[in-house]
There are 4 protein chains.
Amino acid sequence: MKALNYATAVALTLLSTSPALAQRSTAFGQTVRNSNVTEMEVQAAQEAWGKALVQISRDFDSGGIEKATQTANAVLDAAYGYNMGPVLFKPTLTHGEQTFRTTREGALAYFVGGSKSFPSDSGFALKGWEKYEYKNAGVLIEGDTAITMGNVYLYDKKGQVTKVDKTWAFKKDDQGKLRIVLHHSSLPYTPEGKK
Amino acid sequence: MKALNYATAVALTLLSTSPALAQRSTAFGQTVRNSNVTEMEVQAAQEAWGKALVQISRDFDSGGIEKATQTANAVLDAAYGYNMGPVLFKPTLTHGEQTFRTTREGALAYFVGGSKSFPSDSGFALKGWEKYEYKNAGVLIEGDTAITMGNVYLYDKKGQVTKVDKTWAFKKDDQGKLRIVLHHSSLPYTPEGKK
Amino acid sequence: MKALNYATAVALTLLSTSPALAQRSTAFGQTVRNSNVTEMEVQAAQEAWGKALVQISRDFDSGGIEKATQTANAVLDAAYGYNMGPVLFKPTLTHGEQTFRTTREGALAYFVGGSKSFPSDSGFALKGWEKYEYKNAGVLIEGDTAITMGNVYLYDKKGQVTKVDKTWAFKKDDQGKLRIVLHHSSLPYTPEGKK
Amino acid sequence: MKALNYATAVALTLLSTSPALAQRSTAFGQTVRNSNVTEMEVQAAQEAWGKALVQISRDFDSGGIEKATQTANAVLDAAYGYNMGPVLFKPTLTHGEQTFRTTREGALAYFVGGSKSFPSDSGFALKGWEKYEYKNAGVLIEGDTAITMGNVYLYDKKGQVTKVDKTWAFKKDDQGKLRIVLHHSSLPYTPEGKK
């Protein structure tokens with residue numbers, strides 16, 4: 001059990017980006033509250049997502065499904081916005097009736113599998129991911145929310161890369177923590193002749 | 001030329017959803033300004049997008065590429081947010097270096113083709129679309145912005161349906177018009193065994 | 001003690017406006033999150049403020065300063081946004097160095113007095129207020145925030161009215177509760193000849 | 001006429017704060033749109049307001065009411081948000097039925113007088129203002145809006161100071177220009193014994 005708690009602690013540490021100062025005083029004694037999102041916060045949230053995915057993979061290798069599940073739960077609590085309402089999630093490899101996951105349960109099933117409610121899920125985060133990179137095509141910032149579109153590159157243990165087209169929407173909660181509220185991931189389109 | 005102008009007028013009419021009242025007086029003589037997005041405005045914008053796509057297809061059939069291009073230009077001006085800055089667009093069938101289109105030129109090329117800058121584009125809006133339906137998995141509304149995720153169904157003249165997974169982000173401009181600022185469209189994932 | 005707890009309960013009930021639904025499902029199974037402020041929520045928050053002020057006055061009459069203070073504390077916790085950061089408060093009768101109150105302590109002192117840190121405060125909420133009315137000149141709604149400007153009328157036990165010019169800014173917290181984050185109250189200007 | 005145009009040009013120059021970049025590309029070729037307000041933009045808008053008031057006074061001295069009126073018109077167009085809807089304005093010295101000014105006409109009358117619709121107005125901006133200072137008690141920033149509360153100090157030609165308690169709400173328009181949408185100004189409260 002100790003090991004599992006440690007894994008959770010690691011995951012939470014990986015995900016903890018310093019939340020924006022909710023209040024401070026300037027040199028003139030003026031009080032300022034600013035809940036707006038900065039580009040740096042967007043970047044930190046994007047990096048945290050990738051580190052979390054890699055961490056779940058590593059914990060699966062070292063501690064099995066129990067450890068991976070505990071880490072995945074910690075990731076969902078730390079990086080997604082279920083504390084603020086529904087999260088719109090279209091994972092890379094879902095299809096049919098279960099394409100869209102708007103609940104925490106559906107997201108957990110996608111990452112670590114083993115859910116009777118989502119029998120097609122085999123656990124995307126268990127695929128031995130070793131490295132993560134992202135490249136934004138663009139970022140739109142609106143108050144305490146932000147949207148990004150771009151590519152994410154996932155490298156597995158054999159050095160093979162999986163490239164996905166990804167849209168994320170983030171929203172800052174009352175504690176100043178930026179959280180994923182929409183996540184659309186899709187495999188790149190392959191023209192017929194190139195398949 | 002008259003016919004082309006008429007096509008443009010039709011397209012603009014199809015797209016014109018009554019903008020929110022920027023100002024009004026209540027029974028108590030109170031002045032109210034409310035720039036928030038409503039669900040009804042989101043629904044209207046989603047319907048307008050589909051009608052516009054079908055209109056471009058019809059104009060291509062009746063008036064050729066010149067008429068279709070003029071309508072597509074009108075659609076981009078009326079429904080997308082290029083007047084407010086960049087628009088993040090990942091069309092269904094783009095790939096490689098040209099996957100993401102952040103400029104108006106790149107969007108026009110995708111819809112009607114014929115651009116030297118985007119040689120892979122054959123004109124997605126020219127494919128004989130006859131009917132459009134959408135089904136949201138969820139809608140998140142934040143002030144003068146909204147995000148939707150769900151399925152779009154496009155029917156062609158032969159009755160064949162193309163289903164896509166779609167995320168849209170909308171933002172209201174100063175004139176109260178809701179516009180697309182992000183558009184991520186992808187073909188549904190097909191598991192290996194089902195291909 | 002029982003009486004004091006009861007007073008607090010009453011104050012909290014008076015202030016509890018039904019928070020906006022954070023999540024719901026429509027007929028089409030669509031999930032919607034909408035954190036935008038509505039005019040009705042602004043109206044409810046304005047009415048709640050007046051009822052709370054009258055309640056503090058009544059509790060002072062029935063239970064003395066201890067009961068009034070407990071109710072005032074409940075009002076500050078329920079109606080103001082100290083849980084989200086600083087609140088900018090310019091009460092009607094403050095002056096000099098202590099004109100602006102950005103802390104919860106400064107607001108409590110204004111309402112019920114008795115604070116060594118704010119010796120000029122005699123307790124604005126203890127002045128026997130019996131009735132409250134407001135009339136907005138205008139309301140501006142922006143996402144999860146709203147600003148109002150207008151007149152507030154306070155009637156005491158002798159039937160005398162105190163009219164103030166008042167600006168309020170409200171912000172909705174993560175639980176969907178609209179809270180005061182700015183409050184500027186001032187006595188109407190009296191031209192020299194009319195004094 | 002030349003002099004008047006010059007005055008308008010000066011006023012506009014005084015008010016022109018560089019609007020936020022609506023779009024730019026980073027080192028990584030990423031497109032960014034960020035319409036959020038910064039503290040620096042708030043500061044610039046507050047300084048511009050004071051400079052504009054002093055400019056109207058100076059133009060009144062050098063060019064009479066015609067020149068002052070033209071400058072005041074330029075100030076209203078450049079610094080206030082009438083292009084986005086109603087502006088909630090409670091000037092320092094208004095009273096009775098005409099306390100609140102929600103129209104551009106009412107604001108112009110307050111600054112330069114001479115309006116049959118607002119007979120009590122003698123022209124606040126014509127009072128020989130020479131210098132302006134402000135000190136914020138606090139600033140709240142929310143997306144493309146900001147609220148400030150604090151003191152404004154106006155010095156006239158005789159060196160006499162007028163101190164007011166002031167709340168401003170600002171909103172950025174589609175062109176990235178921060179504009180006043182609420183303005184509550186009041187003379188400090190004077191306790192009975194100190195009058």
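Salt-bridge annotation for D121(A) and R101(A): present, with a side-chain N of the basic residue lying under 4.0 Å from a carboxylate O of the acidic one. For K135(D) and E133(D), the salt-bridge test fails: no basic side-chain N is under 4.0 Å from an acidic carboxylate O.
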Run R104(D) and D77(D) through side chain to side chain contact (heavy atoms under 4.5 Å, CB included) and show every step you take.
CA-CA 9 Å; R104(D) 191 183 179 289; D77(D) 286 342; 3.1 Å; yes

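Ring pair W168(D)/F170(D) is tilted by interplanar angle, where 30° to 60° counts as tilted. Ring geometry for F89(A) against Y110(A) counts as perpendicular: the plane angle is over 60°, on a 0 to 90° scale with 30° as the lower cut.
Within residues 147-165 of chain A, no residue has a heavy atom under 4.5 Å from a heavy atom of chain D.
The aromatic ring centroids of F111(A) and F124(A) lie 6.0 Å or more from each other.
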